[in-house]
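Just the heavy atoms: all of them, side chains too, but no hydrogens, waters or symmetry mates, feed the values below. Atoms within a ligand are numbered from 1 in the order they appear, just like the ligands themselves.
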Amino acid sequence: MNGMSNTESNNISENQDMISRPRKPPSLIKTVINIIHRFLIVVLRAILDFWYKGKEKSMPPIEDLLLLESATSLAHKIRVQKITSVQVLNSFIERIKKVNPLLNCVVDERFDEALVQAAEADSLIQSGVHTEKELEEIFPFLGVPFTTKDCIMVKGMLNTAGLYKRKDFRGDDDADAIKLIRKAGAIPIALTNVSECCMWWESSNTVHGRTNNPYNTTRIVGGSSGGEGCLQAAAGSPLGIGSDIGGSIRMPAFFNGIFGHKPSRNIVSNKGQYPIPNCEEQNSFLGIGPMCRFAVDLKPTLKIIAGENAKLLNLDAPVNLENVKFFYQESDGGGFMISPVDADQLAALQKVVKHFERAFKVKPKKVQFEQFKQAATIWLGNMADNSGIDFATQLGNLKERISPGWEMLKWFFGCSKHTFVGLLTCFAEDNGVKFGSEKHKYLVKKRDDLRVEMQKMLGDNGVFLYPTHPTVAPYHNEPIARTFNFTYTAIINVLGFPATTIPLGLGKEGLPLGIQVVANFNQDRLCLAVAAELERVFGGWVAPEILA
Ligand SMILES: *[C@@H]1O[C@H](CO)[C@@H](O)[C@H](O)[C@H]1NC(C)=O
Ligand SMILES: *[C@@H]1O[C@H](CO)[C@@H](O)[C@H](O)[C@H]1NC(C)=O
Ligand SMILES: CC(=O)N[C@H]1CO[C@H](CO)[C@@H](O)[C@@H]1O
């Protein structure tokens with residue numbers, strides 16, 4: 001989510017002197033707007049409930065048992081010749097063909113080339129040139145198919161970022177992370193859908209259309225790695241690579257009930273993505289990371305795509321959860337126009353806390369960072385940069401600057417090649433925080449102070465549990481009315497901490513619940529250990545319900 005702007009910033013100057021003073025009560029106007037907004041959300045939800053009633057389409061059942069294996073387990077079975085890589089690829093290719101007409105999550109494929117590479121992997125294994133042990137060390141994912149989103153470059157495949165001006169653009173090289181995972185023996189088979197220019201939390205664009213949630217096709221998959229979250233959940237791929245600058249891995253992972261990890265800042269190379277971060281600061285907010293159904297796949301994938309930096313993460317050091325300090329926060333504290341956290345989400349968080357208390361005799365501490373209430377303002381302010389490249393220029397594929405006013409007019413007549421949300425973002429950005437302004441400096445300081453506070457709390461053995469999102473997957477288009485709900489994830493990006501989304505079963509609407517766990521810089525392994533434990537207790541990924 002790039003260059004979105006700040007409608008909430010108007011209250012910053014009045015708050016400027018509040019770093020040390022207690023908060024003023026919200027103004028009457030803000031309270032009234034809040035009440036009206038809540039009311040509109042309820043009305044909108046009632047209309048959508050009526051509109052979508054019974055309109056969901058059913059998922060084809062999973063009959064092929066290979067589809068139920070983790071990437072790690074597939075790699076092992078391929079290596080010891082229990083199964084072949086070609087067999088595995090065929091299983092997932094068949095599955096993609098079955099689910100894609102319903103979900104529209106895959107936007108490009110390379111099945112034929114991938115099958116040739118699978119056969120090569122099988123021959124290498126059968127040749128006996130390497131022992132099993134050697135194979136495991138050199139090619140930990142030999143013969144395992146994987147997928148990535150349509151903005152991370154894979155040589156020869158589309159790389160549109162959901163942007164119409166790039167609809168025929170193909171990668172001339174692999175992104176760094178893709179190079180590394182291919183070197184480990186994994187084989188790319190398909191590309192998945194994103195939001196326009198990867199900036200919104202519903203994956204829909206004018207190049208490939210809109211992706212549907214496998215748990216209920218009337219709902220969103222999240223964004224920007226929404227196609228990836230969807231395909232993983234639907235068992236169409238055993239391993240995904242996503243990227244996250246405001247929640248683009250963690251939100252789709254949450255809405256689709258899978259695991260997703262945003263690594264610590266500056267660990268995984270971002271080279272080979274579009275849009276390119278405008279500055280070093282933004283680059284540090286953005287993280288490429290694994291998305292998968294099984295917690296066991298997080299660590300090996302992260303280790304591979306981190307390349308040389310993997311050693312900074314010390315991923316193989318054992319984690320004893322009895323010695324981990326747990327902190328949790330139930331909500332952002334009621335940010336402006338941000339919805340309260342769903343009751344079943346809260347209940348799930350409570351269960352997690354109770355579990356750690358009972359099983360590890362730890363005392364999770366409830367905290368309430370006031371700053372989280374202003375998460376939207378802080379994220380938007382910290383995303384400001386002085387590169388001169390605004391969102392309208394990114395929508396113009398960096399070659400021109402689109403005219404948002406003219407495009408909006410066209411949009412109302414159904415002839416713009418941009419999304420409504422994309423155009424809205426251009427307008428919002430014009431009114432947003434400017435780089436170097438007093439507001440900007442204030443928001444950077446606010447973030448720095450929060451970071452120091454949290455670092456002190458987390459130390460090198462603390463984790464922070466926090467909802468990934470206040471609600472389960474909303475209906476298509478509903479995010480427009482819930483604009484700032486994405487800030488539950490976005491605040492973590494500007495802080496730079498690692499964070500994992502962990503699925504916690506299905507809620508009362510039959511949609512995935514979950515939580516994110518955050519740790520201090522380069523303590524990613526703590527997040528992964530919590531993920532593995534919660535998968536063991538709560539069951540992790542649940543196959544989407546078969547209605548037919
Ligand atoms: C999917 O959503 C629609 C609309 O809210 C609802 O009528 C239907 O019951 C849901 N399906 C399932 C399986 O929960
Ligand atoms: C976020 O979602 C909740 C749903 O509980 C809603 O009440 C709230 O108004 C939404 N807020 C915004 C603007 O993001
Ligand atoms: C529903 C929809 O728009 N599907 C499109 C998804 O993307 C592929 C590849 O661009 C198109 O062929 C589909 O029509």
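- Ligand 1 has an N or O atom lying under 3.5 Å from an N or O atom of Asn216, backbone or side chain.
- Which parts of ligand 1 touch Tyr52 is read off a 4.0 Å heavy-atom cut-off, strictly below it: atoms 3 (C), 4 (C).
- When each atom of ligand 3 is checked for a heavy atom of Gly209 under 4.0 Å away, the hits are 3 (O).
- Salt-bridge annotation for Glu478 and Arg219: absent, with no side-chain N of the basic residue lying under 4.0 Å from a carboxylate O of the acidic one.
- For ligand 1, the atoms closer than 4.0 angstrom to any heavy atom of Gly54 are 7 (O).
- The ring of Tyr475 has its center no closer than 6.0 angstrom to the ring center of Trp51.
- Residue-ligand proximity, Tyr475 to ligand 1, at heavy-atom distances under 4.0 Å covers atoms 4 (C), 5 (O).
- Counting only heavy atoms from C-beta outward, the side chains of Trp201 and Asn485 approach each other to under 4.5 Å.
- The distance from ligand 1 to the heavy atoms of Glu509 drops below 4.0 Å at these ligand atoms: 14 (O).
- Taking a cut-off of under 4.0 Å to the non-hydrogen atoms of Val107, the atoms of ligand 3 that pass are 9 (C).
- By the 3.5 Å distance cut-off applied to N or O atoms, Glu56 is counted among the residues near ligand 1.
- From Thr217, atom OG1 reaches atom CG of Leu102 across 6.0 Å, with rounding to the nearest 0.5 Å.
- Between Phe146 and Phe141, the ring center distance fails the sub-6.0 Å criterion.
- Atom NZ of Lys55 sits in a crowded spot, with more than 12 heavy atoms from other residues, nucleotides or ligands closer than 6.0 Å.
- Less than 4.0 angstrom separates some heavy atom of Thr218 from each of these atoms of ligand 1: 2 (O).
- When distances from atom 7 (O) of ligand 3 to the protein are checked, a heavy atom turns up under 4.0 Å.
- Atoms of ligand 1 lying under 4.0 Å from any heavy atom of Lys53, numbered from 1 in the order shown and given with element: 7 (O).
- Looking at Arg219 against ligand 1, only its side chain comes within 4.0 Å, counting heavy atoms.
- In this structure, the protein non-hydrogen atom closest to atom 2 (C) of ligand 3 is His208 O, 3.4 Å.
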Practice problem: Take Asn205 and Asn193 through the side-chain hydrogen bond (donor to acceptor under 3.5 Å, both in side chains) test and state the conclusion after the steps. | Solution: CA-CA 9 Å; Asn205 57 63; Asn193 207 14; 2.9 Å; yes
